[in-house]
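Excluded from the calculations below are hydrogen atoms, water molecules and symmetry mates; all remaining heavy atoms, backbone and side chain alike, are included. All of these numbers come straight from a predicted model, not from anything done at the bench.
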Protein chains: 2
Amino acid sequence: MSRWEPNARGRLETAALALFTEHGFEQTTVAEIAGRAGLTERTFYRHFADKRDVLFPDTNPLGTFLVEALEGVPAPAAPMDTVAAVLDGVGLFFKDRWEFARRRQAVIAANPELHERELVKFAFLTATLSEGLRRRGVGEPAASLAAEAGVAVFKIAFGQWVAESEQRDLRELMRAAVAELKAVTSAGEAPG
Amino acid sequence: MSRWEPNARGRLETAALALFTEHGFEQTTVAEIAGRAGLTERTFYRHFADKRDVLFPDTNPLGTFLVEALEGVPAPAAPMDTVAAVLDGVGLFFKDRWEFARRRQAVIAANPELHERELVKFAFLTATLSEGLRRRGVGEPAASLAAEAGVAVFKIAFGQWVAESEQRDLRELMRAAVAELKAVTSAGEAPG
DNA sequence: GGTTTGATGTCAGACACTGACATCAGGTCG
DNA sequence: CGACCTGATGTCAGTGTCTGACATCAAACC
(Lines give C-alpha, C1' and ligand atoms only; values in the text may rest on other atoms or scores of the structure.)
Protein backbone atom coordinates (compact mmCIF):
# COMPACT_ATOMS: atom_id res chain seq x y z
CA MET A 1 0.00 0.00 0.00
CA SER A 2 1.43 3.30 -0.99
CA ARG A 3 1.65 6.15 1.41
CA TRP A 4 -0.71 8.48 -0.44
CA GLU A 5 -3.73 8.17 -2.68
CA PRO A 6 -2.55 8.13 -6.27
CA ASN A 7 -3.06 10.83 -8.90
CA ALA A 8 -3.00 13.85 -6.63
CA ARG A 9 -2.78 16.16 -9.62
CA GLY A 10 -5.80 14.67 -11.29
CA ARG A 11 -7.81 14.87 -8.06
CA LEU A 12 -6.94 18.54 -7.77
CA GLU A 13 -8.04 19.21 -11.35
CA THR A 14 -11.33 17.40 -10.84
CA ALA A 15 -12.02 19.12 -7.53
CA ALA A 16 -11.21 22.51 -9.01
CA LEU A 17 -13.46 22.14 -12.04
CA ALA A 18 -16.28 20.96 -9.81
CA LEU A 19 -15.91 23.79 -7.29
CA PHE A 20 -15.46 26.43 -9.98
CA THR A 21 -18.65 25.20 -11.61
CA GLU A 22 -20.56 25.12 -8.32
CA HIS A 23 -19.43 28.33 -6.66
CA GLY A 24 -17.47 30.22 -9.29
CA PHE A 25 -13.76 30.78 -9.66
CA GLU A 26 -13.36 33.73 -7.33
CA GLN A 27 -15.56 32.29 -4.63
CA THR A 28 -13.45 29.15 -4.51
CA THR A 29 -10.29 29.26 -2.43
CA VAL A 30 -7.26 27.14 -3.13
CA ALA A 31 -7.60 25.71 0.37
CA GLU A 32 -11.07 24.45 -0.53
CA ILE A 33 -9.84 22.78 -3.71
CA ALA A 34 -7.03 21.11 -1.86
CA GLY A 35 -9.38 20.09 0.93
CA ARG A 36 -11.78 18.36 -1.44
CA ALA A 37 -8.84 16.54 -3.00
CA GLY A 38 -7.64 15.45 0.44
CA LEU A 39 -4.52 17.58 0.24
CA THR A 40 -3.22 20.87 1.59
CA GLU A 41 -2.98 24.24 -0.05
CA ARG A 42 0.79 24.00 -0.16
CA THR A 43 0.62 20.79 -2.15
CA PHE A 44 -1.71 22.44 -4.65
CA TYR A 45 1.05 24.93 -5.38
CA ARG A 46 3.52 22.13 -5.90
CA HIS A 47 1.40 20.88 -8.79
CA PHE A 48 0.22 24.17 -10.29
CA ALA A 49 2.00 27.49 -10.61
CA ASP A 50 -1.11 29.37 -9.59
CA LYS A 51 -4.84 29.00 -9.03
CA ARG A 52 -5.78 29.43 -12.69
CA ASP A 53 -3.24 26.93 -13.90
CA VAL A 54 -5.33 24.05 -12.62
CA LEU A 55 -7.51 24.51 -15.73
CA PHE A 56 -4.53 24.94 -18.05
CA PRO A 57 -2.12 22.13 -17.26
CA ASP A 58 1.49 22.46 -18.29
CA THR A 59 1.26 19.02 -19.74
CA ASN A 60 -0.85 20.62 -22.44
CA PRO A 61 -1.62 17.78 -24.82
CA LEU A 62 -2.66 20.15 -27.56
CA GLY A 63 0.76 21.79 -27.70
CA THR A 64 2.64 18.56 -28.20
CA PHE A 65 -0.05 17.34 -30.57
CA LEU A 66 0.47 20.46 -32.63
CA VAL A 67 4.17 19.84 -33.03
CA GLU A 68 3.61 16.26 -34.12
CA ALA A 69 0.87 17.24 -36.54
CA LEU A 70 3.16 19.83 -38.01
CA GLU A 71 5.85 17.28 -38.62
CA GLY A 72 3.37 15.00 -40.30
CA VAL A 73 2.50 17.51 -43.00
CA PRO A 74 4.28 16.88 -46.32
CA ALA A 75 7.06 19.43 -46.66
CA PRO A 76 6.41 21.25 -49.92
CA ALA A 77 3.16 22.92 -48.88
CA ALA A 78 2.28 26.60 -48.79
CA PRO A 79 2.22 28.02 -45.24
CA MET A 80 -1.54 28.36 -45.08
CA ASP A 81 -2.05 24.86 -46.45
CA THR A 82 0.27 23.54 -43.78
CA VAL A 83 -1.73 25.38 -41.16
CA ALA A 84 -4.98 24.05 -42.60
CA ALA A 85 -3.64 20.51 -42.46
CA VAL A 86 -2.61 20.97 -38.84
CA LEU A 87 -6.04 22.33 -37.99
CA ASP A 88 -7.60 19.26 -39.51
CA GLY A 89 -5.59 17.17 -37.10
CA VAL A 90 -6.61 19.40 -34.23
CA GLY A 91 -10.22 18.86 -35.18
CA LEU A 92 -9.78 15.14 -34.74
CA PHE A 93 -7.97 15.73 -31.47
CA PHE A 94 -11.09 17.28 -29.95
CA LYS A 95 -13.49 14.72 -31.43
CA ASP A 96 -14.12 12.92 -28.13
CA ARG A 97 -13.75 15.92 -25.85
CA TRP A 98 -16.80 17.93 -26.73
CA GLU A 99 -18.61 17.54 -23.41
CA PHE A 100 -15.51 18.26 -21.37
CA ALA A 101 -14.61 21.19 -23.57
CA ARG A 102 -18.06 22.66 -23.12
CA ARG A 103 -17.98 22.39 -19.34
CA ARG A 104 -14.51 23.82 -19.18
CA GLN A 105 -15.35 26.62 -21.57
CA ALA A 106 -18.39 27.56 -19.51
CA VAL A 107 -16.18 28.08 -16.48
CA ILE A 108 -13.62 30.04 -18.45
CA ALA A 109 -16.23 32.25 -20.09
CA ALA A 110 -17.66 33.09 -16.68
CA ASN A 111 -14.36 34.40 -15.34
CA PRO A 112 -12.27 37.17 -16.88
CA GLU A 113 -9.19 35.96 -15.03
CA LEU A 114 -9.49 32.57 -16.66
CA HIS A 115 -10.17 34.07 -20.06
CA GLU A 116 -6.98 36.04 -19.61
CA ARG A 117 -5.04 32.89 -18.98
CA GLU A 118 -6.65 31.22 -21.96
CA LEU A 119 -5.26 33.97 -24.15
CA VAL A 120 -1.80 33.09 -22.93
CA LYS A 121 -2.35 29.52 -24.03
CA PHE A 122 -3.49 30.71 -27.44
CA ALA A 123 -0.38 32.88 -27.67
CA PHE A 124 1.68 29.84 -26.84
CA LEU A 125 0.01 27.86 -29.62
CA THR A 126 0.67 30.73 -32.00
CA ALA A 127 4.33 30.80 -31.05
CA THR A 128 4.59 27.03 -31.42
CA LEU A 129 2.97 27.08 -34.82
CA SER A 130 5.06 30.00 -35.97
CA GLU A 131 8.27 28.35 -34.88
CA GLY A 132 7.27 25.15 -36.62
CA LEU A 133 6.64 27.00 -39.84
CA ARG A 134 9.97 28.75 -39.63
CA ARG A 135 11.64 25.43 -39.09
CA ARG A 136 10.03 24.37 -42.35
CA GLY A 137 11.64 27.29 -44.15
CA VAL A 138 8.86 29.85 -43.99
CA GLY A 139 10.27 33.32 -43.51
CA GLU A 140 9.13 36.22 -41.36
CA PRO A 141 6.70 37.77 -41.07
CA ALA A 142 4.92 35.14 -43.15
CA ALA A 143 5.33 32.47 -40.47
CA SER A 144 3.95 34.67 -37.70
CA LEU A 145 1.08 35.85 -39.85
CA ALA A 146 0.12 32.37 -40.93
CA ALA A 147 0.32 31.18 -37.33
CA GLU A 148 -1.84 34.06 -36.10
CA ALA A 149 -4.32 33.40 -38.86
CA GLY A 150 -4.43 29.72 -38.03
CA VAL A 151 -5.02 30.28 -34.34
CA ALA A 152 -7.65 32.90 -35.17
CA VAL A 153 -9.46 30.33 -37.25
CA PHE A 154 -9.20 27.82 -34.42
CA LYS A 155 -10.47 30.33 -31.84
CA ILE A 156 -13.50 31.25 -33.88
CA ALA A 157 -14.38 27.76 -35.02
CA PHE A 158 -13.85 26.37 -31.53
CA GLY A 159 -16.11 29.07 -30.14
CA GLN A 160 -18.84 28.07 -32.57
CA TRP A 161 -18.27 24.42 -31.82
CA VAL A 162 -18.76 24.64 -28.08
CA ALA A 163 -21.64 27.09 -28.47
CA GLU A 164 -23.83 24.68 -30.42
CA SER A 165 -26.26 22.53 -28.50
CA GLU A 166 -25.45 19.56 -30.70
CA GLN A 167 -21.95 18.40 -31.47
CA ARG A 168 -20.92 19.29 -35.00
CA ASP A 169 -17.70 18.46 -36.80
CA LEU A 170 -15.03 20.86 -35.62
CA ARG A 171 -13.01 20.22 -38.76
CA GLU A 172 -15.83 21.39 -40.97
CA LEU A 173 -16.20 24.56 -38.94
CA MET A 174 -12.49 25.22 -39.27
CA ARG A 175 -12.43 24.49 -42.97
CA ALA A 176 -15.30 26.91 -43.45
CA ALA A 177 -13.47 29.51 -41.39
CA VAL A 178 -10.31 29.08 -43.45
CA ALA A 179 -12.31 29.55 -46.63
CA GLU A 180 -14.00 32.60 -45.16
CA LEU A 181 -10.65 34.03 -44.13
CA LYS A 182 -9.29 33.57 -47.64
CA ALA A 183 -12.36 35.28 -49.04
CA VAL A 184 -12.09 38.16 -46.60
CA THR A 185 -8.41 38.78 -47.17
CA SER A 186 -8.48 38.47 -50.91
CA ALA A 187 -11.59 40.56 -51.47
CA GLY A 188 -10.94 44.08 -52.64
CA GLU A 189 -7.36 43.24 -53.43
CA ALA A 190 -7.56 44.69 -56.91
CA PRO A 191 -10.91 46.44 -57.09
CA GLY A 192 -12.48 47.63 -60.29
CA MET B 1 -4.73 76.09 -3.34
CA SER B 2 -6.34 72.74 -3.73
CA ARG B 3 -6.17 70.15 -1.10
CA TRP B 4 -4.10 67.66 -3.04
CA GLU B 5 -1.50 67.77 -5.74
CA PRO B 6 -3.25 67.45 -9.07
CA ASN B 7 -3.12 64.51 -11.47
CA ALA B 8 -2.75 61.73 -8.94
CA ARG B 9 -3.41 59.13 -11.60
CA GLY B 10 -0.72 60.46 -13.87
CA ARG B 11 1.78 60.57 -11.01
CA LEU B 12 1.03 56.96 -10.23
CA GLU B 13 1.54 55.94 -13.87
CA THR B 14 4.84 57.79 -14.07
CA ALA B 15 6.08 56.42 -10.77
CA ALA B 16 5.10 52.90 -11.76
CA LEU B 17 6.82 52.94 -15.14
CA ALA B 18 9.97 54.35 -13.53
CA LEU B 19 10.04 51.79 -10.72
CA PHE B 20 9.20 48.88 -13.03
CA THR B 21 12.07 49.93 -15.27
CA GLU B 22 14.50 50.33 -12.38
CA HIS B 23 13.69 47.30 -10.25
CA GLY B 24 11.35 45.17 -12.34
CA PHE B 25 7.64 44.56 -12.04
CA GLU B 26 7.63 41.88 -9.39
CA GLN B 27 10.24 43.57 -7.25
CA THR B 28 8.15 46.72 -7.09
CA THR B 29 5.35 46.82 -4.52
CA VAL B 30 2.21 48.85 -4.93
CA ALA B 31 3.08 50.62 -1.68
CA GLU B 32 6.36 51.80 -3.25
CA ILE B 33 4.60 53.15 -6.33
CA ALA B 34 2.08 54.99 -4.19
CA GLY B 35 4.84 56.28 -1.95
CA ARG B 36 6.80 57.75 -4.82
CA ALA B 37 3.63 59.41 -6.07
CA GLY B 38 2.98 60.84 -2.61
CA LEU B 39 -0.09 58.70 -2.08
CA THR B 40 -1.11 55.56 -0.24
CA GLU B 41 -1.55 52.04 -1.47
CA ARG B 42 -5.31 52.27 -1.00
CA THR B 43 -5.50 55.25 -3.30
CA PHE B 44 -3.58 53.37 -5.97
CA TYR B 45 -6.37 50.81 -6.01
CA ARG B 46 -8.94 53.55 -6.39
CA HIS B 47 -7.34 54.52 -9.70
CA PHE B 48 -6.37 51.10 -11.03
CA ALA B 49 -8.14 47.79 -10.75
CA ASP B 50 -4.87 46.01 -10.06
CA LYS B 51 -1.12 46.42 -10.14
CA ARG B 52 -0.75 45.66 -13.84
CA ASP B 53 -3.49 48.00 -14.87
CA VAL B 54 -1.27 50.99 -14.22
CA LEU B 55 0.38 50.21 -17.57
CA PHE B 56 -2.92 49.58 -19.34
CA PRO B 57 -5.20 52.46 -18.40
CA ASP B 58 -8.95 52.05 -18.81
CA THR B 59 -9.00 55.37 -20.58
CA ASN B 60 -7.33 53.51 -23.41
CA PRO B 61 -6.93 56.15 -26.12
CA LEU B 62 -6.34 53.50 -28.77
CA GLY B 63 -9.71 51.91 -28.20
CA THR B 64 -11.68 55.10 -28.69
CA PHE B 65 -9.41 56.07 -31.55
CA LEU B 66 -10.24 52.79 -33.23
CA VAL B 67 -13.95 53.38 -33.06
CA GLU B 68 -13.62 56.85 -34.54
CA ALA B 69 -11.28 55.65 -37.28
CA LEU B 70 -13.76 52.94 -38.13
CA GLU B 71 -16.55 55.45 -38.52
CA GLY B 72 -14.36 57.56 -40.77
CA VAL B 73 -13.94 54.81 -43.35
CA PRO B 74 -16.26 55.16 -46.36
CA ALA B 75 -19.02 52.62 -46.02
CA PRO B 76 -18.88 50.50 -49.17
CA ALA B 77 -15.48 48.91 -48.53
CA ALA B 78 -14.59 45.26 -48.25
CA PRO B 79 -13.94 44.14 -44.64
CA MET B 80 -10.20 43.79 -45.07
CA ASP B 81 -9.95 47.16 -46.80
CA THR B 82 -11.82 48.72 -43.93
CA VAL B 83 -9.41 47.11 -41.50
CA ALA B 84 -6.45 48.29 -43.57
CA ALA B 85 -7.77 51.84 -43.52
CA VAL B 86 -8.19 51.72 -39.76
CA LEU B 87 -4.66 50.40 -39.37
CA ASP B 88 -3.39 53.32 -41.39
CA GLY B 89 -4.99 55.64 -38.88
CA VAL B 90 -3.52 53.66 -36.01
CA GLY B 91 -0.11 54.10 -37.59
CA LEU B 92 -0.51 57.85 -37.41
CA PHE B 93 -1.77 57.56 -33.85
CA PHE B 94 1.57 56.13 -32.73
CA LYS B 95 3.67 58.53 -34.79
CA ASP B 96 4.81 60.63 -31.80
CA ARG B 97 4.83 57.85 -29.25
CA TRP B 98 7.72 55.75 -30.44
CA GLU B 99 10.03 56.43 -27.51
CA PHE B 100 7.31 55.92 -24.94
CA ALA B 101 6.09 52.80 -26.69
CA ARG B 102 9.59 51.36 -26.67
CA ARG B 103 10.13 51.97 -22.95
CA ARG B 104 6.73 50.58 -22.11
CA GLN B 105 7.21 47.56 -24.35
CA ALA B 106 10.55 46.81 -22.73
CA VAL B 107 8.85 46.57 -19.35
CA ILE B 108 6.04 44.43 -20.71
CA ALA B 109 8.38 42.08 -22.53
CA ALA B 110 10.35 41.54 -19.33
CA ASN B 111 7.33 40.32 -17.38
CA PRO B 112 5.03 37.44 -18.31
CA GLU B 113 2.30 38.85 -16.10
CA LEU B 114 2.28 42.07 -18.06
CA HIS B 115 2.44 40.27 -21.36
CA GLU B 116 -0.62 38.37 -20.24
CA ARG B 117 -2.50 41.58 -19.59
CA GLU B 118 -1.40 42.96 -22.93
CA LEU B 119 -3.09 40.02 -24.60
CA VAL B 120 -6.32 41.05 -22.92
CA LYS B 121 -5.98 44.50 -24.41
CA PHE B 122 -5.41 43.01 -27.84
CA ALA B 123 -8.48 40.86 -27.37
CA PHE B 124 -10.41 43.97 -26.48
CA LEU B 125 -9.23 45.66 -29.66
CA THR B 126 -10.26 42.61 -31.63
CA ALA B 127 -13.71 42.66 -30.10
CA THR B 128 -14.05 46.39 -30.75
CA LEU B 129 -12.99 46.01 -34.36
CA SER B 130 -15.22 43.02 -34.89
CA GLU B 131 -18.23 44.80 -33.44
CA GLY B 132 -17.54 47.83 -35.60
CA LEU B 133 -17.42 45.69 -38.70
CA ARG B 134 -20.65 43.99 -37.80
CA ARG B 135 -22.26 47.36 -37.29
CA ARG B 136 -21.23 48.08 -40.87
CA GLY B 137 -23.07 45.07 -42.09
CA VAL B 138 -20.28 42.51 -42.18
CA GLY B 139 -21.57 39.11 -41.15
CA GLU B 140 -20.09 36.39 -38.98
CA PRO B 141 -17.61 34.83 -38.96
CA ALA B 142 -16.21 37.27 -41.52
CA ALA B 143 -16.20 40.16 -39.04
CA SER B 144 -14.37 38.21 -36.36
CA LEU B 145 -11.88 36.82 -38.83
CA ALA B 146 -11.14 40.21 -40.36
CA ALA B 147 -10.75 41.69 -36.89
CA GLU B 148 -8.42 38.91 -35.79
CA ALA B 149 -6.42 39.31 -38.95
CA GLY B 150 -6.19 43.06 -38.47
CA VAL B 151 -5.02 42.81 -34.90
CA ALA B 152 -2.54 40.12 -35.90
CA VAL B 153 -1.11 42.48 -38.48
CA PHE B 154 -0.94 45.22 -35.87
CA LYS B 155 0.76 42.97 -33.32
CA ILE B 156 3.43 41.84 -35.72
CA ALA B 157 4.09 45.21 -37.30
CA PHE B 158 4.11 46.90 -33.92
CA GLY B 159 6.59 44.34 -32.68
CA GLN B 160 8.88 45.09 -35.58
CA TRP B 161 8.41 48.82 -35.11
CA VAL B 162 9.50 48.93 -31.48
CA ALA B 163 12.30 46.45 -32.10
CA GLU B 164 14.12 48.66 -34.59
CA SER B 165 16.82 50.97 -33.28
CA GLU B 166 15.64 53.73 -35.59
CA GLN B 167 12.04 54.81 -35.88
CA ARG B 168 10.47 53.63 -39.11
CA ASP B 169 6.99 54.31 -40.42
CA LEU B 170 4.56 52.03 -38.63
CA ARG B 171 2.06 52.42 -41.45
CA GLU B 172 4.50 51.02 -43.96
CA LEU B 173 5.22 48.05 -41.75
CA MET B 174 1.53 47.38 -41.40
CA ARG B 175 0.85 47.77 -45.10
CA ALA B 176 3.62 45.31 -45.83
CA ALA B 177 2.18 42.91 -43.27
CA VAL B 178 -1.28 43.18 -44.83
CA ALA B 179 0.19 42.42 -48.23
CA GLU B 180 2.10 39.49 -46.78
CA LEU B 181 -1.01 38.18 -45.11
CA LYS B 182 -2.92 38.33 -48.38
CA ALA B 183 -0.10 36.50 -50.09
CA VAL B 184 0.05 33.84 -47.41
CA THR B 185 -3.67 33.19 -47.31
CA SER B 186 -4.22 33.17 -51.04
CA ALA B 187 -1.23 30.98 -51.88
CA GLY B 188 -2.12 27.42 -52.66
CA GLU B 189 -5.78 28.25 -52.91
CA ALA B 190 -6.20 26.45 -56.20
CA PRO B 191 -2.93 24.68 -56.81
CA GLY B 192 -2.03 23.99 -60.40
C1' DG C 1 -22.76 79.61 7.03
C1' DG C 2 -24.33 75.07 6.91
C1' DT C 3 -24.34 71.03 4.03
C1' DT C 4 -22.80 67.97 0.63
C1' DT C 5 -19.32 66.01 -2.27
C1' DG C 6 -15.36 63.59 -3.44
C1' DA C 7 -10.58 62.39 -3.21
C1' DT C 8 -7.82 60.78 0.09
C1' DG C 9 -6.16 58.36 4.51
C1' DT C 10 -6.42 54.64 8.12
C1' DC C 11 -7.24 50.15 9.56
C1' DA C 12 -8.34 45.37 9.54
C1' DG C 13 -8.67 41.32 7.08
C1' DA C 14 -9.12 37.59 3.35
C1' DC C 15 -6.57 35.22 0.26
C1' DA C 16 -2.74 34.08 -3.21
C1' DC C 17 1.62 32.56 -3.14
C1' DT C 18 6.54 31.27 -1.25
C1' DG C 19 10.53 29.67 1.51
C1' DA C 20 12.22 26.69 5.15
C1' DC C 21 11.94 22.82 7.58
C1' DA C 22 9.69 18.37 9.22
C1' DT C 23 7.72 13.80 8.21
C1' DC C 24 7.81 9.26 6.70
C1' DA C 25 6.75 5.16 3.27
C1' DG C 26 9.41 2.97 -0.09
C1' DG C 27 13.38 1.99 -2.69
C1' DT C 28 18.59 1.47 -2.69
C1' DC C 29 22.92 -0.08 -1.35
C1' DG C 30 26.39 -2.03 1.49
C1' DC D 1 19.02 -6.76 7.51
C1' DG D 2 19.89 -1.95 8.61
C1' DA D 3 21.51 2.65 7.28
C1' DC D 4 20.59 5.88 3.93
C1' DC D 5 18.39 8.41 0.41
C1' DT D 6 14.35 9.99 -2.24
C1' DG D 7 10.26 12.27 -3.08
C1' DA D 8 5.60 13.57 -2.15
C1' DT D 9 3.38 15.62 1.38
C1' DG D 10 2.49 18.46 5.73
C1' DT D 11 3.33 22.49 8.86
C1' DC D 12 4.35 27.13 9.73
C1' DA D 13 5.51 31.75 9.15
C1' DG D 14 5.61 35.50 6.27
C1' DT D 15 5.06 38.89 2.19
C1' DG D 16 2.25 41.10 -0.95
C1' DT D 17 -2.21 41.91 -3.52
C1' DC D 18 -6.58 43.50 -3.15
C1' DT D 19 -11.08 44.87 -0.59
C1' DG D 20 -14.55 46.73 2.68
C1' DA D 21 -15.71 50.03 6.25
C1' DC D 22 -15.10 54.15 8.25
C1' DA D 23 -12.76 58.78 9.03
C1' DT D 24 -11.08 63.26 7.27
C1' DC D 25 -11.43 67.69 5.41
C1' DA D 26 -10.89 71.25 1.45
C1' DA D 27 -13.88 72.82 -2.01
C1' DA D 28 -18.22 73.45 -4.09
C1' DC D 29 -22.89 74.31 -3.57
C1' DC D 30 -27.14 76.29 -1.77
> Among the nucleotides C:dC24, D:dT9, D:dT24, which one has an atom lying closest to any side-chain atom of A:Arg46?
Replying inline: D:dT9
>> Would you say that more than 12 heavy atoms from the other residues, nucleotides or ligands in this model lie under 6.0 Å from the CD of A:Gln27, or not?
In response: yes
>> Rounding to an integer number of Å, can you tell me how far A:Asp53 CG sits from C:dT18 P?
In response: 11 Å
>> Can you work out whether B:Val30 or A:Arg11 has the more 5'-proximal nearest nucleotide on DNA chain D?
In response: A:Arg11
> If you find the nucleotide of DNA chain C closest to A:Arg52 and the one closest to A:Trp4, which residue's nucleotide is nearer the 5' end?
Replying inline: A:Arg52
> Think A:Arg97 forms a cation-pi with A:Phe93, using NZ or CZ under 6.0 Å from the six-ring centre and within 45 degrees of its axis?
Replying inline: yes
> Could you state the CG-P distance from B:Leu39 to C:dT10, rounded to the nearest angstrom?
Replying inline: 11 Å
> Separation of B:Phe48 atom CZ from D:dT19 atom C1', in whole Å?
Replying inline: 18 Å
>> Rounding to an integer number of Å, can you tell me how far A:Glu116 CD sits from C:dA16 P?
In response: 16 Å
> In whole Å, what is the span from the CD atom of B:Glu5 to the C1' atom of C:dG6?
Replying inline: 17 Å
> Should B:His47 be listed as having a side-chain N or O under 4.0 Å from OP1 or OP2 of C:dA7?
Replying inline: no
>> Between B:Arg11 and B:Glu5, does any side-chain N to carboxylate O distance fall below 4.0 Å?
In response: no
> Nearest to the side chain of B:Thr29, which nucleotide is it out of D:dG10, D:dT17, C:dA7?
Replying inline: D:dT17
> What about A:Val151 and A:Leu62, same hydrophobic cluster or not, with Ile/Leu/Val/Met/Phe/Trp/Tyr joined at side-chain heavy-atom distances under 4.5 Å?
Replying inline: yes
> Starting at CG of B:Leu19 and ending at C1' of D:dG16, how long is that distance when rounded to a whole Å?
Replying inline: 16 Å
> Under 4.5 Å between side-chain heavy atoms, hopping through other hydrophobics if needed: is there a path connecting B:Phe100 to B:Phe20?
Replying inline: yes
>> Nearest to the side chain of A:Thr40, heavy atoms from C-beta on, is which of D:dG10, C:dT10, D:dG7?
In response: D:dG10
> Does B:Thr43 place a side-chain N or O at less than 4.0 Å from the phosphate oxygens OP1/OP2 of C:dT8?
Replying inline: no
>> Whole angstroms only, please: what is the CZ-P distance between B:Arg3 and D:dT24?
In response: 11 Å
> Which of the following nucleotides, D:dG20, D:dG10, D:dC18, is nearest to the side chain of B:Arg42?
Replying inline: D:dG20
> For the side chain of A:Lys51, counting heavy atoms from C-beta on, which of C:dC17, D:dA26, C:dA25 is nearest?
Replying inline: C:dC17
> At under 4.0 Å between heavy atoms, what does A:Ala31 touch on the DNA or RNA strands: base, sugar-phosphate, or nothing?
Replying inline: nothing
>> In whole Å, I'd like the distance from the CD atom of A:Gln27 to the P atom of C:dC15.
In response: 10 Å
>> Looking at B:Tyr45, I'd like to know whether one of its side-chain N or O atoms comes within less than 4.0 Å of OP1 or OP2 on D:dT19.
In response: no
